[in-house]
Amino acid sequence: VTDYGHDLLFGIFATPTAQPPQQAVEAAVVADRAGLDLATFQDHPYVNRFHDTWTLMSYAAARTEKIRLSGNVMSLPMRPPAVLARAHASLDRLTGGRIELSLGAGAFWDGIEAMGQRRLTAGQSVEALGEAIQVIREVWDTSTPGGVRVKGDYYDVSGAKRGPAPAHDMKIWIGAYKPRMLRLAGRLADGILPSLSYLEGGPDDYAGLNAEIDAAAEKAGRAPSDIRRLLNINGTFATNGTGFLQGPPEQWAEDLAGVALEQGVSAFILATDNPAVIELYAAEVAPAVRDLVAAERP
Amino acid sequence: MNYGHRLRLGALVTPEAALALAPAAEAAGLDLLMVIPAASSAAGAGAMGAGGDEVVSVGEVVPAGEAPGDGCAAADPEGLDAWTALSWAAARTTTIKLGVAGLAVPERHPAMIARSAASLDLLSGGRLELVLSGEKTVLAEAVEIIRGLLDAGQPGPLRHLGAHFRVAGAQRGPLPAHRIPISLTGTSPDLLRLTGRLADGWLTTLTEPLSGGDPSDDSSLAGVSAEDRRGVSDADQMAARVAAVVAGQKLIDEAAAAVGREAPEVRRTVVVASGWDEKALLELVVEHGVGTLLLRTDDPEELRRFAAAGLRDRAAEAMPVALPDVFRPASVRAKRRPGIDYDSLPASLEETAVEPGDLDYARVRSTYMRGGAPGLVLRPRTVDEVKDALAFARRHPELPFGLRSRGHGISGRSTNDGGIVVSLAALNSIEILDEEQRLVRVGPGARWMDVAQVLAPYGWALTSGDYGGVGVGGLATAGGVGWLARKHGLTIDKLRAAELILADGTRVRVSDTENPDLFWAVRGAGANFGVVTSFEFQADEVGDVGFAQLVVGAEDPADVLVRWGRAIEEAPRELTGQLIMGRPRAGQPNFAQLMTMVDSDDPQFVVDSLQPVAAAGPLYDQNVVLTSYAGVISNASDATHTTEGDVTARSGLIGHLTPEFARAAEKLLVSGAIHWFQIRAVGGAVADVAPEATAYAHRSANFSVTVMGSSARRVDAGWNELRPYFDGLYISFETGLDRVEDAFPPETLARLRELKRRHDPDNLFRDNFNIDPRGGAL
């Protein structure tokens, strides 16, 4: 049993479809009413079929009551970190602490460049993400006197005002797969948020991610349990089981409990916009996984 | 001096106060809520370096505790992000206009401002106004980029290679809900001239300066330094500020005139403090051309008093000839068409209406099949607005008048030349009414693919047409010949009730028990009787379906037709299909495409049912999948229609594809006059409904035949040979709109005429298979 000691979270990963305009909002509302923990949204501002994820999240936050909201993941190259920090903190205050910050170093660089931002190499984008986390934490830190000063290679903030501070200890989760980013996560982040569809070997690949993160965390003097392991999942409900997350809800529950217990993954975020699927996931999968995991955890 | 704008009143509030004040301002009847941008969001944004190793620092603008603007949230280090607060406020309000009083550029990248703006405008139902602050040359580029991205109807990606921004080919869109006005705020002469040249508005303040923007630009007192301010009395200060506004107006007007714009194109907004007397405020409006007054307050009581003070009424008395809310300059008005009383358009429709000179016109003029040049396109968003649109149309009885759901219509005049079009695209809601009964309520402007996608999770489907981009309204008032026709009938057979607006503006509900005559008429001849604003359908349980695209050789087209027709008639009802042939091309083999749906998730049943169909000719290619109905029908793009020219389509309904018919059809095919020949299966469940049960009466036909070509004369030369074989036509596939006698059998037509005389005696609904109330025996 791999266990980093986190409560299990279940959520959705919605498409920020701009037409019909309220579709993604409705998905969040359904997830909220169904009792899920997280409503998260993709962020691809270079795609013209999508809403601006931040605007959408702010709007959806005002339409929901309990559910926590997050990007999945916010595209850092498109969004200056101080703006991200202030916007997230603002919404966190408005929602009474329901917002988490998920950050990605950037994918689809052609699109990013077409929108007027600078193209970075993979290595540069990891370094930029590290600096961004520093900027964000500085902006949130209103107890330290003086302005924010981060003199980085990618972000240079000299004297910007601090605040607002989030209403709760906001987590920074990052999209991470490769060693450099995983080491950065071990050093600086509160969680990683990879997608199952990008793990070539399936959920078992998570063991390799964990090893890298745990080593980096320890080297930085942190506990591995400081970093939550999240996972974006995709699957299909069907009468007969044919594979991982391809089958009835009971089978999903066993599949996910297995990943939770073997890999220490504590958040399962389902890619779906479908209200019926959201309700089924909340009603029949989430509680069953919780029971299965509780029975095995010491 | 004033510009004739109808006075708008608003409030300027801090982001913190916006949450509570937005609903309060809306309830109080204010027109607009503007949020003060926190200085913190304008400065220290930590923008990424623009290129190479050079890193642009933007973090030094505001050292802590020294923010400009001493009276507002700018000084509050905990200041909430204004855009976030605004988005929240949008979710908690429904009618009030919204904006941030100065988004700082370049701290916010204009491309991202455009995306955010489009989103908030869509989410709020068209209530966003943009105000930008920054340095003049930066703003000039920003406005170009934002407008370029929001103008999703323009072809190709946006390229902008400027000194400040380099946008190397960004996708345009999403298309906002309305044309978002872009105002600039600031007082430097350069900025005022820029405002006159290209902005939709100017925002300035008579109170404390707003934060953000050009730090060298004191946005309250042009030309009056802080030193000077301290030495003068309040009254003198205010006089100086008003004078500065007046001087600013002059600069704007001159710059506008220099580029051929009219002064009213730039709406002037001024921030005032509470405590101003009404006379002074009215003077600003009537004498100094201010179109919008924003009260700077976070106090709900002050805001209510401001809204209730009667300023708008008094301004209207003083300026009796107010401009419409949407001001169109002379260059736009010059493109208006004769006979339309544009200036009497009701306020409710003003903002969404599109006329030939408008930016949006390219997006709304054409339909899927046909280019058009309507004189006015009305885009109601609510049932009441539909009534207003019909009232306006009633005043123009001489003009063409088209109704458009989503503009796919082949027969229907959903566009025209010089007339009025009412587009129902905004009435596109889809709502589950009763899960037990599988009842869904759908607006006329929804597309069938959207409907299918909403129903799919429930395991339901509604048979519609065969293309997902078709709008609900046109199809569901004509018939609806779709992929599930033989199993589940026509779309109208699934209709349980509808609400419509009649020619005189009355709203009625129709069903088997409520206005049953009209319910009968709506199902097949609806376009003659009213505008359906919502349909209530009973969906069918439809699981996965088999869908086959077969290609068979058609060296002998007549033989393929006969064999295919027989296979369809003998097939189980689960199977519905269509056949498509094109014009034969010299030197190329002839094909027929056979598209077939089998409403079954049993692969063996699907394959077995398909075999006889596939045997209609030598099988060249096949693609059979098990998929969802939504998967098949989700086959349309979101692009707007940009068609030019016209099309001739002919429709005929027929019982059986006999060898005689097939030979005549083959002759037409090889004539080269048509470029599209299509036969859809009907029959089955369609024929279970009695002919007199709905206005769609040709229930005995097994096939619906459609041809398309360019020249009506050439098409008809061949088509006339086929006519003897047909019994009736399907109005959605026929462009010969005078063929009312073919569209409806005599008893049906007589009943329709009688109903038409009763419900639309003046023949308002006249452009689509018109049943003339004056025609026929009285």
Side-chain angles (χ1 to χ4, degrees), chain A residues 18-22 25 45-52 54-56 58-63 77-83 86-87 89-91 93-94 111 113-118 128 132 135 142 146-150 153-165 274-277, chain B residues 15 19 38-41 43-51 55-57 59-60 62-64 67 77-81 83-85 87-92 107-109 111-112 115-116 118-120 122-123 145 152 157 165-174 177 428 450 456-458 638:
Chain A
Q19 274 305 340
Q22 300 285 341
V25 179
Y46 27 81
V47 177
N48 62 359
R49 290 173 288 113
F50 290 168
H51 275 307
D52 167 52
W54 186 253
T55 305
L56 171 66
S58 305
Y59 188 95
R63 286 281 166 90
M78 303 297 304
R79 300 179 181 275
V83 172
R86 292 190 173 112
S90 296
L91 196 56
R93 295 171 83 92
L94 294 181
E113 203 170 31
M115 286 283 281
Q117 301 298 337
R118 171 183 167 195
V135 173
T142 50
V148 175
R149 286 179 201 283
V150 176
D153 292 332
Y154 304 92
Y155 302 106
D156 184 1
V157 185
S158 41
K161 288 197 310 173
R162 294 174 184 276
N274 183 328
V277 170
Chain B
L19 311 173
S40 54
S41 62
M48 182 175 279
V55 170
V56 179
S57 168
E60 76 293 349
V62 189
E78 299 269 296
L80 294 180
D81 175 58
W83 188 265
T84 303
S87 304
W88 178 285
R92 299 285 175 93
E107 289 77 7
R108 296 204 184 236
H109 193 284
M112 289 300 281
R115 292 281 201 259
S116 310
S119 284
L120 194 50
L122 285 166
L123 289 167
I145 292 169
F165 303 105
R166 193 186 154 80
V167 177
Q171 297 179 355
R172 297 173 197 269
N428 64 350
D450 303 325
Y458 296 88
D638 292 331

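In what follows, every chain begins at residue 1, and chains take the letters A, B, ... in the order their sequences are listed. Remember, predicted model here, so these are calculated numbers, not experimental data.
- Looking at B/W83, the atoms closer than 4.5 Å to chain A (heavy atoms on both sides) all sit in the side chain, from C-beta outward.
- Neither the backbone nor the side chain of B/A118 has a heavy atom closer than 4.5 Å to any heavy atom of chain A.
- Residue B/L19 touches chain A through its side chain alone, counting heavy-atom pairs closer than 4.5 Å.
- Of the residues considered (B/A85, B/G169, B/A456), B/G169 shows the highest number of contacts with chain A, using heavy-atom pairs under 4.5 Å.
- Chain A forms the most heavy-atom pairs under 4.5 Å with one residue out of B/A89, B/G173, B/P174, and that residue is B/P174.
- Donor-acceptor pairing under 3.5 Å is lacking for the side chains of B/T84 and B/W88.
- Taking A/A276, A/G111, A/P275, A/P45 one by one and counting their heavy-atom pairs under 4.5 Å with chain B, the maximum is reached by A/P45.
- Contact of A/R79 with chain B is made through the side chain alone, with heavy-atom distances under 4.5 Å.
- Chain B forms the most heavy-atom pairs under 4.5 Å with one residue out of A/L91, A/L94, A/N274, and that residue is A/L94.
- For the residue pair A/D52 and B/S119, no side-chain donor N or O sits within less than 3.5 Å of a side-chain acceptor on the partner.
- Contact of B/R115 with chain A is made through backbone and side chain together, with heavy-atom distances under 4.5 Å.
- When each of A/V277, A/V150, A/V47 is scored by its heavy-atom pairs under 4.5 Å with chain B, the top score falls to A/V47.
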